[in-house]
Amino acid sequence: MKDINIESFQIKQTIKLSEIPTTFDLQANKKKIEHALEDVCEDLADIQNTMYAHGKYAALICIQGMDTAGKDSLIREVFKELNARGVVVHSFKVPTELELNHDYLWRHYIALPARGKFGVFNRTHYENVLVTRVHPQYILGEKLPDVNSLEDVNEAFWERRFEQINNFEKHIAENGTIIFKFFLHLSKDEQKHRLLRRLAKPNKNWKFSPGDLDERKLWDDYQFCYEEAINKTSKSHAPWYAIPADDKPTARYLVARVLHDTLKRYTDIEPPELEPDVKANIDLYKKQLESE
């Protein structure tokens, strides 16, 4: 199986999505990739357990991608080996009335993981510069004091919003949250195949909505918005990773490797030391239990 360098998927300079491949050859068959994923996830579970005991860092995993990019199944397969009490998954939908009565980052802020835990955002705060940018009329529902018409949702508006997102991520990073942002980079052809599979399989029909076809017509608009968002917000403390997503097992393995290899670099994450008197009496406690 081909060795990888996770740095090659990190966005460190201005990119064009059209120039980034949606496939990656691991030089292995599906079964071998799945076994490799299991091994990485077992190690990742050990890291998460240590983080939980250590209690000083949280990990925020943000997953974005076009419809059918494989977000749900990736979350299921990458995190299934982890202790359920240490992982919280949030799937963000259309904002509720309560959420619209707060600023757009509020619902994401209150969902952030506590120290020691993994928080997984299935769709993220970036929807506020993606869907809302393709459909700017949604911004009017946010009740912003300086937005009275679509004319106010201009380039300056989006620049301010990118700055707000950068400030938000910088703040939480400086307070112990390790941020990962994954863009599942799917080709338009592969999306077509996946939509057709949903229609062809009765047990998958529920995943399809006619609105999916309307959004597909806006493919180029979404690609522009993703490209702009990634270029404006990929920072050393909150990097974006462009993950080739045309093959689901490969995408899952790459995401798991990024998480694993990055967290292994945090050499200060270790189990807490026992109190001296407890440590000194370990053998005594063993004898007490064994003599019962």
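Worth saying up front: this structure is predicted, and the values here are computed from it rather than measured.
- The aromatic rings of Y109 and F168 lie tilted to each other, with the angle between the two planes from 30° to 60°.
- Although no hydrogens or angles enter the test, the distance criterion places no donor-acceptor pair under 3.5 Å between the side chain of E290 and the main chain of Y285.
- The number of heavy atoms from other shown groups lying within 6.0 Å of NZ (K32) does not exceed 12.
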Please lay out, stage by stage, how R161 and E127 fare under the test salt bridge (charged side-chain N to carboxylate O under 4.0 Å, His left out).
CA-CA 12 Å; R161 189 152 281 198; E127 293 289 285; over 6 Å; no
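- Dense packing is recorded around CD of Q137, with more than 12 heavy atoms of other residues, nucleotides or ligands lying under 6.0 Å away.
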Test ring pair (Phe, Tyr, Trp, His ring centres under 6.0 Å) on Y104 and H125 and set out the steps.
CA-CA 8 Å; Y104 70 94; H125 45 294; 8.7 Å; no
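- Between T22 and D246, the side chains place a donor N or O and an acceptor N or O closer than 3.5 Å (distance only, hydrogens not considered).
- Panel note: side chain Q191, backbone M66; no donor-acceptor pair is recorded below 3.5 Å.
- Linking Ile, Leu, Val, Met, Phe, Trp and Tyr whenever their side-chain heavy atoms come within less than 4.5 Å puts V153 and Y126 in one cluster.
- Clustering ILVMFWY residues whenever any of their side-chain heavy atoms sit less than 4.5 angstrom apart, transitively, puts I11 in a cluster other than the one holding L184.
- Aromatic ring centres of F9 and F24: separated by under 6.0 Å.
- Looking only at atom types and distance, the side chain of E215 has a donor-acceptor partner in the side chain of H135 under 3.5 Å away.
- The other members of the hydrophobic cluster of W106, by chain and number, are L98, I110 (side-chain heavy atoms under 4.5 Å, ILVMFWY only).
- Salt bridge annotation for R107-E142: absent, with no cationic side-chain nitrogen under 4.0 angstrom from a carboxylate oxygen.
- Although no hydrogens or angles enter the test, the distance criterion places a donor-acceptor pair under 3.5 Å between the side chain of K181 and the main chain of T233.
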Under the salt bridge (charged side-chain N to carboxylate O under 4.0 Å, His left out) criterion, do E228 and K16 qualify, and how do the steps go?
CA-CA 9 Å; E228 181 109 323; K16 287 187 177 296; over 6 Å; no
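- Looking at R194, its side chain does come within 3.5 Å of a backbone N or O of T68 through a donor-acceptor pair.
- Ring centroid separation for the pair W219 and F224 does not come in under the 6.0 Å cut-off.
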Does the pair E155 and R133 meet the rule for a salt bridge (charged side-chain N to carboxylate O under 4.0 Å, His left out), with working shown?
CA-CA 10 Å; E155 286 304 311; R133 198 169 186 189; 3.2 Å; yes
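- Listed for the N205 side chain is a donor-acceptor partner under 3.5 Å among the backbone atoms of R198.
- Note on E97 versus K143: salt bridge recorded, some NZ/NE/NH1/NH2 to OD/OE distance being below 4.0 Å.
- In this structure, the side chain of S291 engages the main chain of Q288 through a donor-acceptor pair within 3.5 Å.
- The main-chain N or O of I4 is never found under 3.5 Å from a side-chain atom of S8 such that the two would form a donor-acceptor pair.
- For the residue pair R252/S73, the side-chain donor-acceptor check at 3.5 Å is satisfied.
- Without hydrogens or angle criteria, D212 side chain to F208 main chain gives no donor-acceptor distance under 3.5 Å.
- The backbone N or O of K232 lies less than 3.5 Å from a partner atom in the side chain of N166, making a donor-acceptor pair.
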Worked check of side-chain hydrogen bond (donor to acceptor under 3.5 Å, both in side chains) between D268 and Y57:
CA-CA 10 Å; D268 59 326; Y57 291 102; 2.7 Å; yes
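- Using cut-offs of 30° and 60° on the angle between ring planes, the pair Y226 and F183 is tilted.
- No chain of hydrophobic side-chain contacts below 4.5 Å, direct or via other Ile, Leu, Val, Met, Phe, Trp or Tyr residues, connects I179 to I47.
- Residues V129 and L140 share a hydrophobic cluster, clusters being chains of Ile/Leu/Val/Met/Phe/Trp/Tyr side chains in contact below 4.5 Å.
- Summarising the local packing, CD of E151 is surrounded by 12 or fewer heavy atoms from other residues, nucleotides or ligands at distances under 6.0 Å.
- Screening K207, R123, R216 for a salt bridge (charged side-chain N to carboxylate O under 4.0 Å, His left out) with D67, the sole residue that qualifies is R123.
- Electrostatic pairing of R197 and E190 counts as a salt bridge here, judged by a charged N lying under 4.0 Å from a carboxylate O.
- Between the side chain of N281 and the backbone N or O of L284 there is no donor-acceptor pair closer than 3.5 Å.
- By the criterion of side-chain heavy atoms lying less than 4.5 angstrom apart, applied directly or through intervening Ile, Leu, Val, Met, Phe, Trp or Tyr residues, L263 is not grouped with Y52; the two fall into different hydrophobic clusters.
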